[in-house]
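Lettering follows sequence order; numbering is per chain, from 1.
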Number of protein chains: 2
Amino acid sequence: MPTAPPTEGRGKARADAGDLNLMDALAQLSFMVQGALAKRAADQDLSLIQTRLLGVLRDRRPTMQEVAQLLELDKSSVTGLINRAERRGLVQRSPSSEDRRSVHVTLSPVGRRVAQKVVRAFQHDIDAATAHLTKAERDRLRQLAASVVAEAG
Amino acid sequence: MPTAPPTEGRGKARADAGDLNLMDALAQLSFMVQGALAKRAADQDLSLIQTRLLGVLRDRRPTMQEVAQLLELDKSSVTGLINRAERRGLVQRSPSSEDRRSVHVTLSPVGRRVAQKVVRAFQHDIDAATAHLTKAERDRLRQLAASVVAEAG
DNA sequence: TATTGTTATACTCTATAACTATA
DNA sequence: TATAGTTATAGAGTATAACAATA
C-alpha cells in the first residue's frame with residue numbers, strides 16, 4: 001500500500017533502496033517529508049494547513065477567495081482558518097480599497113517569524129535525511145523532484 | 001516556503017527544474033504526491049487517514065494499540081477511527097483469544113477492494129506525473145527516494 | 001444577476017482525562 | 001499496579017447551504 005507511512009525501519013539503506021517501486025517510494029517519501037514538516041510545525045503550535053497558509057502569504061497579499069484557490073479550500077473553510085490565525089496574531093485582515101466586498105490577508109511580523117522557525121527546523125530535517133547521499137546524488141534528487149513538480153504545474 | 005503546494009504552474013518543465021533547492025523540491029513533491037493520494041481516496045469517500053488505516057491492515061491484524069503505534073495516533077483517536085470505518089463496513093473488530101482486554105482489527109473484503117481502487121488510481125497519477133522522464137530517470141528517482149526512506153527508517 | 005465573504009450546521013479527526021475491564 | 005480499550009469533552013479543520021453586502 002502506498003498509504004503506509006514509513007512503518008518499520010528495516011536497517012540497511014542501500015540494500016533496501018531497491019525493494020520499492022516508484023509509486024511506493026514516492027508515497028513513503030511524501031509521508032516522511034510531510035511528517036517532518038508537521039512535527040516542526042507542531043513545535044510552533046501550528047497545523048500543516050496553518051503553516052501552508054503562512055507560506056502562501058510570504059510574498060502575497062491575497063483576498064479570501066484567492067487564499068481559497070491557493071490552498072484548494074472552500075471559502076467558508078478559509079473564513080475559519082483566517083479567524084483562528086488572526087486570533088493568534090499570525091495574520092491580519094484588511095479591507096480592499098478597490099472592491100468593498102473583498103478582504104486582503106497579510107502576514108504579521110509574528111507570523112513571519114514563526115514560519116521562519118518552522119522552515120529552519122524543517123531544513124535541518126531534510127539535511128539529516130539526505131546526509132548519507134553524495135553531493136551529486138542530492139543534486140540529482142533535487143533536479144528530478146523539481147522536474148516532476150514543474151511538469152505537473 | 002516549503003509549505004506552499006504546487007502553487008501556480010510555470011510551464012516549461014526542465015527549464016524550471018533547477019530553480020528549487022532540495023528542501024523546496026522535496027516539500028513541493030510531497031504536497032503533490034499527498035494531494036493526488038488524497039484526491040483518489042476522496043473519490044472512494046475515504047480520508048487520507050482512513051486510507052492509511054486500510055493500508056496498514058493489508059497484511060496485518062493489529063490490536064487497537066498497535067494501530068495507534070502504526071499510525072502515530074492516540075488510542076482514543078483510534079477508537080473513533082475504527083468506529084467510523086467499521087460503521088462503513090471497511091474493517092471489523094474481533095476479540096483477542098489470548099488477552100481478553102485486546103481487540104484485533106481486520107480488513108473486510110469491501111475494505112480491501114476499496115483500498116485497491118485507490119491504489120490503482122494513484123498509480124496512474126504517479127505514472128502520469130513521471131511520464132516525461134526517461135526510464136532511467138524514473139529508476140534513479142525511485143532509487144534515491146527509496147534510499148532516503150530506508151535511511152530514515 | 002453574479003461575486004465576496006460570513007454564518008449555521010454537520011461531520012471527521014485529534015488529544016486529554018477519566019473510566020471499565022482485564023492482567 | 002499496569003495495560004487495553006472506551007467514553008466524555010473540547011477544539012481544529014472541512015464542506016454545503018443560506019445569507020448579506022456589494023458589484
Can you tell me the distance, in whole Å, between the CZ atom of B:Arg52 and the C1' atom of C:dT12?
-> 16 Å

Once you round it to whole Å, what is the distance between P of C:dC11 and CG of B:Leu81?
-> 18 Å

Counting only side-chain N and O atoms of B:Arg88, is one of them less than 4.0 Å from OP1 or OP2 of C:dT12?
-> no

Pair listing, salt bridge (Lys or Arg N to Asp or Glu O under 4.0 Å) test, anchored in residues 114-126 of chain B, at least two apart | B:Arg40-B:Asp125

Indicate whether any N or O donor in one side chain lies under 3.5 Å from an N or O acceptor in the other, for A:Asn83 and A:Arg88.
-> no

Separation of A:Asn83 atom CG from C:dT6 atom C1', in whole Å?
-> 9 Å

Which part of the nucleic acid, if any, lies within contact of B:Thr79, taking any heavy atom under 4.0 Å across all strands shown: a base, the sugar-phosphate backbone alone, or nothing?
-> base

Expressed in angstrom and rounded to an integer, what is the separation of B:Leu90 atom CG from C:dT12 atom P?
-> 12 Å

Tell me: CG of A:Leu73 to C1' of C:dT4, nearest whole Å?
-> 16 Å

Collect all protein-nucleotide pairs involving nucleotides 16-20 of chain D in which both atoms are nitrogen or oxygen and the distance is under 3.5 Å.
residue	atom	partner	partner atom	Å
D:dT16	O4	A:Ser76	OG	2.7

Sugar-phosphate, base or nothing in reach of A:Ser96, heavy atoms under 4.0 Å = nothing

NE2-CZ distance between B:His104 and B:Arg93, expressed to the nearest 0.5 angstrom = 13.5 Å

Let me see the working for A:Val105 and A:Met64 under side chain to side chain contact (heavy atoms under 4.5 Å, CB included), right down to the final yes or no.
-> CA-CA 7 Å; A:Val105 184; A:Met64 297 294 281; 3.6 Å; yes

Rounded to whole angstrom units, what separation is found between the CZ atom of B:Arg93 and the C1' atom of D:dA4?
-> 12 Å

Distances under 3.5 Å only, N/O to N/O: pair up the protein atoms with those of nucleotides 20-23 of chain C.
residue	atom	partner	partner atom	Å
C:dA23	OP1	B:Arg100	N	3.0

Classify the side-chain pair B:Ser30/A:Gln34 by whether it contains a donor and acceptor separated by less than 3.5 Å.
-> yes

Determine: side-chain N/O of B:Arg84 to OP1/OP2 of C:dC11, distance under 4.0 Å, yes or no.
-> no

Using a strict 4.0 Å threshold on nitrogen-to-oxygen distance, state whether A:Lys39 and B:Glu72 make a salt bridge.
-> yes

Is a side-chain donor or acceptor of B:Arg112 paired with a backbone partner of B:Arg58 at a separation under 3.5 angstrom?
-> yes

Write down the distance between CD1 (A:Ile82) and P (D:dA12), rounded to a whole number of angstrom.
-> 14 Å

Is the shortest side-chain N/O distance from A:Arg87 to OP1 or OP2 of D:dG11 below 4.0 Å?
-> no

Per A:Gln65 side chain, nearest of listed nucleotides C:dT4, D:dT14, C:dT12 = C:dT4

Does the pair A:Leu141 and B:Leu26 meet the rule for a side chain to side chain contact (heavy atoms under 4.5 Å, CB included), with working shown?
-> CA-CA 9 Å; A:Leu141 176 58; B:Leu26 291 181; 4.2 Å; yes

For A:Ser108 and A:Gly89, indicate whether the former's side chain and the latter's backbone hold a donor-acceptor pair under 3.5 Å.
-> yes

Nearest-Å distance, CD (A:Gln69) to P (D:dA15)?
-> 14 Å

